[in-house]
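Atoms within each ligand, like the ligands themselves, are counted from 1 in listed order.
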Amino acid sequence: MKVAVGSDHAGFALKEKVKALLQELGHEVLDFGCHSTESVDYPVYGVKVAKAVASSEATRGILICGTGLGMSMVANRFPGIRAALCHELFTTKMARLHNDANILVMGGRVIGDALALEMVKVFLETPFEGGRHERRIRQIDNFKEEV
Ligand code: RB5
């Protein structure tokens, strides 16, 4: 799978570990930065990963900042993006099964590396259930027409 990854300085260390895991699992990694722990602005990187996923340049995305909040706010502004901020395995699994999340967002200052790497595996391995959930995610994309 082609996976786009991005972080700010607060997520950089975890992003590097996520990248190594993805490569070990045989995925193609598109790294949109950042590239060090020097302080940067998270929207710059969130936008790049969201655009890569929205345009189908990447199949899935993984975004990491300090809390995950900023990155999820940025990514969810893009049509077709369903970015899920998760900090444990159950929500990560449900984000795929029920929400067909295409970007996993994590807080590098919130969770430990081992849990984060397990979440990445679950995020990539869990299929979308479809059915009634298909209708619901379509309603998310069409909300502008309904208000
Ligand atoms: C950076 O200090 C921090 O604000 C950022 O990583 C993120 O947590 C924002 O939501």
Side-chain angles (χ1 to χ4, degrees), residues 1-128 133 136-144 146-147:
M1 195 183 289
K2 254 192 195 177
V3 185
V5 299
S7 75
D8 69 356
H9 53 287
F12 172 73
L14 179 55
K15 172 172 72 69
E16 293 306 296
K17 289 181 182 154
V18 166
K19 251 170 70 179
L21 172 70
L22 293 171
Q23 281 157 354
E24 193 186 306
L25 295 173
H27 297 290
E28 188 180 338
V29 180
L30 305 178
D31 184 357
F32 287 94
C34 68
H35 300 292
S36 75
T37 53
E38 189 186 329
S39 182
V40 292
D41 299 331
Y42 62 82
V44 172
Y45 306 94
V47 165
K48 288 180 184 184
V49 168
K51 282 186 173 173
V53 175
S55 68
S56 300
E57 181 187 353
T59 312
R60 301 265 176 88
I62 296 172
L63 281 169
I64 309 164
C65 60
T67 59
L69 289 166
M71 287 297 198
S72 60
M73 288 176 190
V74 170
N76 278 313
R77 293 207 164 199
F78 288 78
I81 293 299
R82 291 175 300 280
L85 172 55
C86 301
H87 287 130
E88 34 71 33
L89 291 166
F90 177 73
T91 312
T92 307
K93 190 171 179 186
M94 296 310 288
R96 286 291 313 135
L97 286 174
H98 285 193
N99 309 106
D100 198 19
N102 46 19
I103 296 183
L104 171 67
V105 189
M106 299 182 286
R109 291 174 175 164
V110 180
I111 49 171
D113 293 349
L115 173 57
L117 297 180
E118 279 306 307
M119 286 165 52
V120 167
K121 284 190 207 160
V122 165
F123 175 65
L124 296 177
E125 286 165 6
T126 308
F128 176 44
H133 303 296
R136 291 166 185 169
I137 65 166
R138 262 191 268 116
Q139 287 172 1
I140 299 174
D141 289 334
N142 295 335
F143 79 97
K144 279 185 187 144
E146 292 166 14
V147 288

Legend entry - Residues Val49, Ile62; criterion side-chain contact (heavy atoms from CB on, under 4.5 Å); working and verdict: CA-CA 8 Å; Val49 168; Ile62 296 172; over 6 Å; no
Inset, instruction - Specify whether the nearest protein heavy atom to atom 4 (O) of ligand 1 is under 4.0 angstrom away. - result: no
Inset, instruction - In sequence, state the C-alpha distance, the side-chain angles, and the governing distance for Val122 and Arg96, and then conclude on side-chain contact (heavy atoms from CB on, under 4.5 Å). - result: CA-CA 9 Å; Val122 165; Arg96 286 291 313 135; over 6 Å; no
Inset, instruction - Looking only at protein heavy atoms, identify the closest one to atom 6 (O) of ligand 1 and say how far it is in Å. - result: Asp8 OD2, 2.5 Å
Inset, instruction - Flag Gly66 as yes when one of its N or O atoms lies below 3.5 Å from any N or O atom of ligand 1, and as no otherwise. - result: yes
Legend entry - For atom 9 (C) of ligand 1, the protein heavy atom that lies nearest, with its residue and separation: Tyr42 CE2, 3.5 Å
Legend entry - Under-4.0 Å heavy-atom contact with ligand 1, by part of His9 that carries it: side chain
Inset, instruction - Could you tell me which residues satisfy salt bridge (Lys or Arg N to Asp or Glu O under 4.0 Å) with Glu118, sequence neighbours excluded, listed by chain and number? - result: Lys121
Inset, instruction - Please write down residue, atom name and distance for the protein heavy atom closest to atom 2 (O) of ligand 1. - result: Arg109 NH1, 3.3 Å
Legend entry - Any N/O pair Gly70/ligand 1 closer than 3.5 Å: yes
Inset, instruction - Using side chain to side chain contact (heavy atoms under 4.5 Å, CB included) as the criterion, point out the one residue from Tyr42, Tyr45, Phe12, Phe32 that pairs with Ser7. - result: Phe12
Inset, instruction - For ligand 1, note which part of Thr67 has a heavy atom under 4.0 Å away: side chain, backbone, both or neither. - result: both
Inset, instruction - Examine the proximity of ligand 1 to Cys65 and report which part, side chain or backbone, both or neither, has a heavy atom under 4.0 Å away. - result: both
Legend entry - Pairs satisfying salt bridge (charged side-chain N to carboxylate O under 4.0 Å, His left out), at least one member in residues 11-36, at least two apart: Lys15-Asp31, Glu16-Lys19, Lys17-Asp113, Lys19-Asp31
